[in-house]
2 protein chains.
Amino acid sequence: MIRILLADDEHLIRGAIAALLGLEDDLEVVGQAATGAEALRLARALRPDVALLDLQLPDLDGVTVATTLHAELPTCRTMIVTSHGLPGHLKRALTGGVRGFLAKTVSAEVLATVVRTVHAGGRYVDPQLAAEAISAGDSPLTVREADVLTLAAEGAPVDEIARRAALSPGTVRNYLSSAVGKTGAANRHEAARIARTRGWI
Amino acid sequence: MIRILLADDEHLIRGAIAALLGLEDDLEVVGQAATGAEALRLARALRPDVALLDLQLPDLDGVTVATTLHAELPTCRTMIVTSHGLPGHLKRALTGGVRGFLAKTVSAEVLATVVRTVHAGGRYVDPQLAAEAISAGDSPLTVREADVLTLAAEGAPVDEIARRAALSPGTVRNYLSSAVGKTGAANRHEAARIARTRGWI
DNA sequence: CCCGGCGGATGACAAATGTCAGACCGTGGT
DNA sequence: ACCACGGTCTGACATTTGTCATCCGCCGGG
C-alpha cells in the first residue's frame, strides 16, 4: 500500500483527487493539507511514502515544501501537480528533489501511474511542460536583475524599487535596462511579463 | 435524478469532481467538456438539468457559455465554479443568468447541496466572493478607459496602445491618466494591476 | 433648448524612465 | 599578478510618461 499525503488549497479539488486515488487498491491518502506549513507538519507526523503537492499554496509554494521535505524526510518522494506550468518552476522543482511534475490536465489514471512510478524510485515529468522548459532555456538574468525585475513587476516606480531593494535608483535603472535588453522587451513592464511567463522571476 | 453537465479544462479535476458527484444517489454526471464550445455542443445534445462550468476555459469563458446556455436552454440551470474569484466575473455571471457561483475551496458536500438548490430553482453565491464583490463595487472606468487600460496591461508603450486602439497618443494618455486617478494608483501599470484584481478589465 | 458628460484631440510642462559612459570594489580563474 | 565579470554607484542625456487646460462634436435628459 502506497501512503500518500495530499496538499492543495482548494478543498473541492483536494477531496476529489483523494476520492479518485482512494479508488485504487494500492493507494491510500493518509493526510490532506490546505497550506504548505500544514503539509510539512503532517508529513513529519505521518511519514507518507509520496507527497503530492500543488504548486500554488497560500503560504509557501509547492516547490519550497518539496525541497524542505526532501532534506528532512529523504524517504518521502515528492510530486508537484499544477494548473499553470511555468518552465522555471519545473527547473526549481527538479533541483529541489521533486521526482514527478505534472499538469492538472492529465487523467486520473496517469496520476495514479505516476504515483506508483515515483514511489518505485522513478521520475516523471509532463512531456509538454518539459518541452516548454527546454525551449524557454535558462534565465539570462543575474540574481540582482531578477530581484529588481520582480519588484518592478508589481508596478512600483523606480524610487520605491530602490528603497525596497536597498539600492540606489540609478543602479535599479541600470539593472532594469539590462533586463529589458536581455528579454528583448520594449520596457520594464513588458520585460517583467516576459520573465514571468518564462519562469525567470 | 439530477442530470449534470461538467465543463473544466483540467482533466484531473473534471474527472475527480465527476467521481465525487457520482457518489451522490440523486446526482448523475451525463457529460464532460474540456472547452466552452464542447460544453455548448453537449448541452444542446444532452439537455442536462444543471451545467457546472469552470470560469476559465480555453476558448470562451464560463460566463459566456452560461449566458448562451441561459438564452438557448432556459430549463438548464447554470453554475460557475472557479479558482480565482474576481468580483467583476460574479456580476457578469449573475446578469447572464447564472444561479450558483462558488470557489473551488468549498467542500464536495457543499457543491452537491448547491447543485440541488440550483436545480430546485434556488440561487447560491459563495458568501466570501459576494462580500468581495460588494466591497470592490462597480467599475468607475468608462468603456474606453477600460479598453486602453487592458492594452496597457500588456506593457505596451503609449504609441502602440494608440495604434491598436486607433486613438491619438495624447488621448491615450488622457484616458490612462484618468484611470490612474480612479484606481488610486501611482502609474498605469499599477492601475492595470488593480483594475484586474477588481475585475474591471 | 440647453447643459452635462463622454469620446476624441491638441499643446505645454514637469516628472519618471531608458540608455550610456565611466568609475570602484570583490572574487574567481588563468 | 592579472583579467574578466558581477555588483554598485554616479552623472548626463534623450525619450516617455503623467498631468492639466482647453477645445470640438455628439447625444440624452430635464
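Chain identifiers are assigned alphabetically (A, B, ...) following the order of the sequence lines, protein sequences preceding nucleic acid strands; residue numbering begins at 1 within each chain.
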key: Under-4.0 Å side-chain N/O to phosphate OP1/OP2 contact, B:Ser168 with C:dT10   =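 Looking at the OP1 and OP2 atoms of C:dT10, one of them is under 4.0 Å from a side-chain N or O of B:Ser168.
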message = Closer than 3.5 angstrom, by distance alone: can the side chain of B:Arg3 be matched with the main-chain N or O of B:Arg47 as a donor-acceptor pair?
response =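 Yes, B:Arg3 side chain to B:Arg47 backbone: donor-acceptor pair under 3.5 Å.
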query = Is there a donor-acceptor contact under 3.5 Å from the side chain of B:Thr113 to the main chain of B:Glu109?
reply =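 Between the backbone of B:Glu109 and the side chain of B:Thr113 there is a qualifying donor-acceptor contact (under 3.5 Å).
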Between C1' of C:dA9 and CG of B:Leu167, the distance in whole Å = 10 Å
ask   = How many Å lie between CD on A:Glu160 and C1' on C:dT17, as a whole number?
value = 16 Å
task = Given side-chain contact (heavy atoms from CB on, under 4.5 Å), test B:Phe101 with B:Asp126 step by step and report yes or no.
result = CA-CA 6 Å; B:Phe101 198 103; B:Asp126 185 296; 5.5 Å; no
query = Can you pull the contact range of chain A along DNA chain D, 5' to 3', using atoms under 4.0 angstrom from its heavy atoms?
reply = D:dG7 to D:dA12
Donor-acceptor pairs under 3.5 Å, side chain of residues 144-152 of chain B to any protein atom, not counting sequence neighbours: which ones?
residue: B:Arg144; atom: NE; partner: B:Asp147; partner atom: OD2; Å: 3.2
residue: B:Glu145; atom: OE1; partner: B:Thr142; partner atom: N; Å: 3.0
residue: B:Glu145; atom: OE1; partner: B:Lys182; partner atom: NZ; Å: 2.9
residue: B:Glu145; atom: OE2; partner: B:Ser178; partner atom: OG; Å: 2.5
residue: B:Glu145; atom: OE2; partner: B:Lys182; partner atom: NZ; Å: 3.2
residue: B:Thr150; atom: OG1; partner: B:Ala146; partner atom: O; Å: 2.6

message = Quick check on contacts: within residues 141-155 of chain B, what sits under 4.0 Å from DNA chain C by heavy-atom distance?
response =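 Close to the strand are B:Thr142, B:Val143, B:Arg144.
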task = Quick one: which residue pairs count as a salt bridge (charged side-chain N to carboxylate O under 4.0 Å, His left out) with a foot in residues 155-176 of chain A, not counting sequence neighbours?
result =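 Matches after skipping sequence neighbours: A:Glu154-A:Arg164, A:Glu160-A:Arg164.
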inquiry  = Using every non-hydrogen atom in the two residues, find where B:Ala66 and B:Val98 come nearest and quote the distance to one decimal.
reply    = CB-CG2, 3.4 Å
Can you tabulate the close N/O pairs, meaning under 3.5 Å, that link protein atoms to atoms of nucleotides 18-23 of chain C?
residue: C:dG18; atom: OP1; partner: A:Arg188; partner atom: N; Å: 3.4
residue: C:dG18; atom: OP2; partner: A:Arg188; partner atom: NE; Å: 2.9
residue: C:dG18; atom: N7; partner: A:Arg173; partner atom: NH1; Å: 2.8
residue: C:dG18; atom: O6; partner: A:Arg173; partner atom: NH1; Å: 2.6
residue: C:dT19; atom: OP2; partner: A:Ser177; partner atom: OG; Å: 3.4
residue: C:dC20; atom: N4; partner: A:Asn174; partner atom: OD1; Å: 2.9

key: Option passing side-chain contact (heavy atoms from CB on, under 4.5 Å) with A:Leu53 (candidates A:Val63, A:Thr64, A:Val65, A:Leu60)   =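 Considering A:Val63, A:Thr64, A:Val65, A:Leu60, a side-chain contact (heavy atoms from CB on, under 4.5 Å) with A:Leu53 is found only for A:Val65.
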side-chain contact (heavy atoms from CB on, under 4.5 Å) between A:Met79 and A:Arg99, intermediate numbers included = CA-CA 6 Å; A:Met79 292 177 53; A:Arg99 312 189 66 99; 5.7 Å; no
Please set out all donor-acceptor pairs under 3.5 angstrom arising from side-chain atoms of residues 4-20 of chain A, sequence neighbours excluded.
residue: A:Asp8; atom: OD1; partner: A:Glu10; partner atom: N; Å: 2.8
residue: A:Asp8; atom: OD2; partner: A:Lys104; partner atom: NZ; Å: 3.1
residue: A:Glu10; atom: OE2; partner: B:Ser83; partner atom: OG; Å: 3.1
residue: A:Arg14; atom: NE; partner: A:Gln32; partner atom: OE1; Å: 3.4
residue: A:Arg14; atom: NH1; partner: A:Asp8; partner atom: O; Å: 2.8

ask   = Between B:Arg77 and B:Asp49, is the closest basic N to carboxylate O distance under 4.0 Å?
value =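 A salt bridge is absent here (no side-chain N lies under 4.0 Å from a carboxylate O).
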